[in-house]
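Heads up, the thing below is written out as structure tokens.
Below, chains carry the letters A, B, ... as their sequence lines are ordered, and counting in each starts from 1.
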Amino acid sequence: MTQSLLDSPYVVKAGKILNTKEMTNLEKYFAIELPGQEDLAHDPGQFVMVSLPGVGEAPISVSSSPTKKGSFELVVRRAGSVTGAMHKLGAGDTVGIRGPFGRGFPTKMLEGFDLLFIGGGCGNIPLHSLITFVLDNRSRFGKINILLGCKTPETRLFVDELTQWEQRSDIFVDSTVDQAGPGWKGKVGLITSLIPGVKIDPKRTYAVIVGPPIMYKFVIQELLKREIPDSQIVVSLERHMKCGVGKCGHCQIAQYYCCQDGPVFTYNEIRNNYEAL
Amino acid sequence: MTKSVILKKTELNHFIEALARSAAVVAPIAKGVKSFAFEEVRDGKTLSLKYIPTILPPKKYFMPQREKIQEFDRKAFRWTPVKENGFEKLVIFGVHTCDLSGIQFLNQVMGEDPKDVNYLARMEKITVIGLECNDYCDSYASCAVMKTHLPSGGYDLFFTELAGSFFVDVATPKGEAIVKGTGLFKDAGEVEKKEFENLRAKKEKIFRQEVKPANENLKGIFARSFRSEVWDDLDRRCVACGNCTNVCPTCYCFDIRDEMDLNLTTGARTRVWDSCQNEEFAKVAGGENFRGKRGARQRHRYMRKFNYPVDRFQRYSCTGCGRCSRTCMAKINLKETIDTLAEALS
């Protein structure tokens with residue numbers, strides 16, 4: 001049974017950068033088009049492997065909703081060699097794309113439920129894909145609460161959209177920064193400080209949390225205090241995917257391959273997993 | 001398919017020569033004190049019929065330490081998947097039953113969707129000729145408890161050494177073609193069949209469960225040992241060199257690297273063996289390391305042999321070959337680890 005090389009999961013497509021925008025000192029936005037404007041056909045919460053020939057490959061969450069057609073968006077934090085090189089690129093440049101990979105957010109399961117989104121730092125990037133998907137399909141979901149946090153006012157992401165969301169009467173939005181800066185008029189404090197201020201009916205609420213590893217422990221404790229069931233707490237875990245297809249081993253969390261079985265998990269799936277949180 | 005034939009020992013040299021006329025043939029070769037390696041042979045004179053597990057297992061032919069999977073051109077923005085042409089046809093002669101089990105495991109992992117095309121392309125070109133261990137190689141082996149001291153598939157031909165001949169099991173059409181093509185085999189007679197049965201009966205007495213727990217209890221022992229103090233002990237002893245995973249017949253973790261040609265335009269993406277024992281292995285760009293401690297990384301290695309694969313692949317991935325213990329500079333011993341874990345739970 002000879003397999004064609006084109007069946008290889010390592011086949012890279014040329015993604016053309018349509019435009020870019022500096023979002024913060026560390027994060028840059030990229031809109032990318034696949035050859036023939038092929039649809040990426042991702043689920044919110046999935047990731048792609050971005051290739052820079054000669055530099056390497058890095059896993060990056062898709063930040064746009066699948067409802068957006070013709071191109072997709074990435075917001076990339078400059079953290080390593082690939083993302084560093086990517087930050088030097090602009091409109092008209094090309095990057096390699098593999099994917100989408102992984103299990104995204106369970107959008108079907110969320111339908112009909114009230115939603116509580118909790119995002120911290122660059123966790124707001126994959127969460128942005130889900131939030132915009134939900135807002136594009138607003139009637140399929142119940143009440144929407146969005147809590148966002150980040151380190152400082154300068155590191156806030158998607159600020160323009162956040163301002164628009166705040167003006168909508170059909171969603172509740174609250175945000176905070178860990179440390180205030182000059183001229184900051186918003187809230188100061190950890191993301192957990194926003195949770196008591198949200199009105200939820202725990203039985204009909206799904207909480208979706210994406211943030212740095214340290215955030216999960218504390219946020220989940222708060223949500224359990226509010227009596228949201230384990231199976232209705234959804235997280236997305238960060239690991240270093242290298243192959244994206246459940247082979248190379250780098251992203252493994254005990255028995256799970258984060259790139260295939262995740263990155264999205266419900267809390268009841270990982271509650272007893274000694275390597276997850 | 002399965003049928004038994006005989007090759008006279010005096011014909012082994014002719015047999016290897018005949019194989020080498022139409023394929024590359026590799027077999028275990030002595031490499032100094034207690035060291036053997038699979039290397040190319042042209043005849044049967046240099047190979048070792050009695051050998052302890054080779055330094056590297058035969059996985060190096062299925063999944064080389066470095067393998068080009070792609071070529072790219074950064075000016076044309078083109079990535080072209082490639083298969084390396086290491087060999088057209090390869091015969092691996094003299095594979096012990098532990099290593100047959102290792103090959104079977106890798107075939108299963110790489111054949112699972114999404115299939116690893118590069119691995120499968122090599123697999124198709126390889127013919128495997130097994131060789132029975134009539135006795136233990138050394139005290140590091142734990143093949144009896146892993147149930148790999150007897151063959152259970154994974155070969156085209158399987159050789160068992162008798163007094164004057166090899167008793168050969170023909171398992172596949174590929175194996176059948178070799179038997180017919182070389183013309184050196186004859187059907188097994190009653191004498192050889194009896195000799196073979198006696199040998200297997202003798203093995204029953206020699207090969208005894210090498211650790212205290214029985215095979216079917218190993219999964220449970222590891223599943224209940226996440227927080228064992230044994231991992232703290234290994235944390236203090238392990239030097240994180242990664243030898244144990246490199247020599248393991250079922251470790252397949254890898255890194256993917258880009259390397260530029262000197263023209264700085266074209267280059268290749270290669271797959272390189274990696275080790276979960278390396279400190280960087282589970283580290284993310286932000287600096288967080290999800291298995292920062294050596295003990296956690298050793299635990300991960302063991303869990304990947306005795307716990308996780310049982311759920312995922314319905315089998316253990318330890319073959320009992322003993323290579324990890326044999327090679328460990330810190331004398332971390334698999335049999336000891338199993339017994340200590342079992343004892344702590346009892």
Side-chain angles (χ1 to χ4, degrees), chain A residues 1-16 49 51-59 77-83 93-96 98 121-122 212-214 237-240 242-258 260 272-276, chain B residues 69-70 72-83 109-110 112-121 124 226-227 251-261 264-267 269 271 274-276 280-288 290-291 296 299-300 303-304 307-309 311-312:
Chain A
M1 211 80 58
T2 305
Q3 302 274 323
S4 162
L5 267 185
L6 294 175
D7 297 332
S8 167
Y10 301 114
V11 170
V12 173
K13 291 176 186 169
K16 190 176 152 202
M49 296 298 297
S51 273
L52 268 81
V55 185
E57 240 183 350
R77 174 175 286 190
R78 191 173 69 238
S81 53
V82 175
T83 51
D93 287 332
T94 302
V95 292
R98 289 200 290 133
C122 55
I214 186 75
L237 302 182
E238 180 191 11
R239 290 295 185 277
H240 193 169
K242 290 215 168 176
C243 73
V245 292
K247 303 267 195 277
C248 82
H250 285 265
C251 72
Q252 205 173 351
I253 304 170
Q255 73 271 32
Y256 295 123
Y257 280 86
C258 194
Q260 294 261 296
N272 298 320
N273 187 314
Y274 59 103
E275 286 194 336
Chain B
I69 57 172
Q70 223 165 63
F72 57 77
D73 181 322
R74 62 196 282 247
K75 292 220 170 97
F77 299 110
R78 201 169 48 230
W79 291 263
T80 315
V82 294
K83 285 180 198 170
V109 170
M110 294 300 176
E112 184 194 57
D113 282 327
K115 293 182 172 52
D116 193 287
V117 177
N118 294 75
Y119 180 96
L120 297 178
E124 280 169 26
F226 292 137
R227 303 190 197 282
C251 275
Y252 54 89
C253 287
F254 55 84
D255 192 7
I256 297 178
R257 292 184 196 158
D258 277 10
E259 277 148 20
M260 294 300 301
D261 296 333
L264 295 181
T265 300
T266 56
R269 179 161 286 175
R271 184 229 302 271
D274 203 346
S275 172
C276 62
E280 301 287 308
F281 189 81
K283 206 170 177 179
V284 295
E288 189 90 18
F290 297 97
R291 277 186 292 274
R299 175 178 66 188
H300 184 67
M303 292 295 172
R304 278 192 61 138
N307 185 7
Y308 313 146
D311 297 329
R312 202 167 184 103

Start with the C-alpha gap between S51(A) and R269(B), add the side-chain angles, then the distance that decides, and say whether side chain to side chain contact (heavy atoms under 4.5 Å, CB included) holds. CA-CA 10 Å; S51(A) 273; R269(B) 179 161 286 175; 2.8 Å; yes

Tell me, for I214(A) versus chain B, whether the close heavy atoms (under 4.5 Å) come from the side chain, the backbone, both or neither. neither

When every non-hydrogen atom of K247(A) is compared with those of E112(B), the smallest separation belongs to NZ-O, 3.1 Å

In terms of heavy-atom proximity below 4.5 Å to chain A, should E288(B) be classed as side chain, backbone, both, or neither? side chain

Assert top hit (heavy-atom pairs under 4.5 Å, partner chain A, pool R271(B), R227(B), M260(B), R299(B)) equals R299(B)

So K115(B) and D7(A), side chain to side chain contact (heavy atoms under 4.5 Å, CB included) or not? Walk me through it. CA-CA 8 Å; K115(B) 293 182 172 52; D7(A) 297 332; over 6 Å; no

Pick from K283(B), R257(B), E259(B): which one has the most heavy-atom pairs with chain A under 4.5 Å? K283(B)

Need one label for A58(A): side chain, backbone, both or neither, based on atoms under 4.5 Å from any heavy atom in chain B. neither

Separation between CD1 of I253(A) and CZ of R291(B), rounded to the nearest 0.5 Å: 8.5 Å

Here the gap from C276(B) atom SG to Q252(A) atom CD, rounded to the nearest 0.5 Å, amounts to 8.5 Å

Nearest-0.5 Å distance that lies between atom CH2 in W79(B) and atom CZ in R98(A): 11.5 Å

Contact winner vs chain B - P9(A), G56(A), S81(A), A14(A), heavy-atom pairs under 4.5 Å: G56(A)

What option among V55(A), V12(A), V82(A) has the most heavy-atom pairs under 4.5 Å with chain B? V12(A)

Which answer fits F281(B), side chain, backbone, both or neither, if we ask what part of it has an atom under 4.5 Å from a heavy atom of chain A? both

To the nearest 0.5 Å, atom CG of D274(B) lies from atom SG of C248(A) at 8.0 Å

Is the Lys NZ or Arg CZ of R239(A) less than 6.0 Å from the centre of F290(B)'s six-membered ring, within 45° of the axis? yes

Using the side-chain contact (heavy atoms from CB on, under 4.5 Å) rule, pick out the option among I256(B), D255(B), D116(B) that qualifies with C243(A). I256(B)

Rounding to 0.5 Å, atoms CZ (F226(B)) and CG (N273(A)) come to a distance of 7.5 Å

Cut-off 4.5 Å, heavy atoms of chain A, and the answer for R78(B) is neither

Taken in chain and number order and not counting sequence neighbours, the residues that satisfy ring pair (Phe, Tyr, Trp, His ring centres under 6.0 Å) with F254(B) are none

Specify which of H250(A), K242(A), E275(A), R77(A) makes the most heavy-atom pairs with chain B at under 4.5 Å. H250(A)

Choice from A276(A), A254(A), C122(A) maximising heavy atom contacts with chain B below 4.5 Å: A254(A)

Under 3.5 Å donor-acceptor, E238(A) side chain and V284(B) backbone: no

Tell me, for V11(A) versus chain B, whether the close heavy atoms (under 4.5 Å) come from the side chain, the backbone, both or neither. both

At a heavy-atom separation under 4.5 Å, does A121(B) approach chain A through its side chain, its backbone, both, or neither? neither

Could you check which of C251(B), G286(B), C253(B), A296(B) has the highest count of heavy-atom pairs closer than 4.5 Å to chain A? C253(B)

More than 12 heavy atoms of other residues, nucleotides or ligands under 6.0 Å from CZ of R312(B): yes or no? yes

With side chains defined as the heavy atoms from C-beta onward, is the minimum distance between P81(B) and Y10(A) less than 4.5 Å? no

What part of D311(B) gets closer than 4.5 Å to chain A, counting heavy atoms only: side chain, backbone, both or neither? neither

Counting only heavy atoms closer than 4.5 Å, note whether Q260(A) contacts chain B via side chain, backbone, both or neither. side chain

Closest non-hydrogen atom pair, V245(A) against P114(B): CB-CG, 3.4 Å

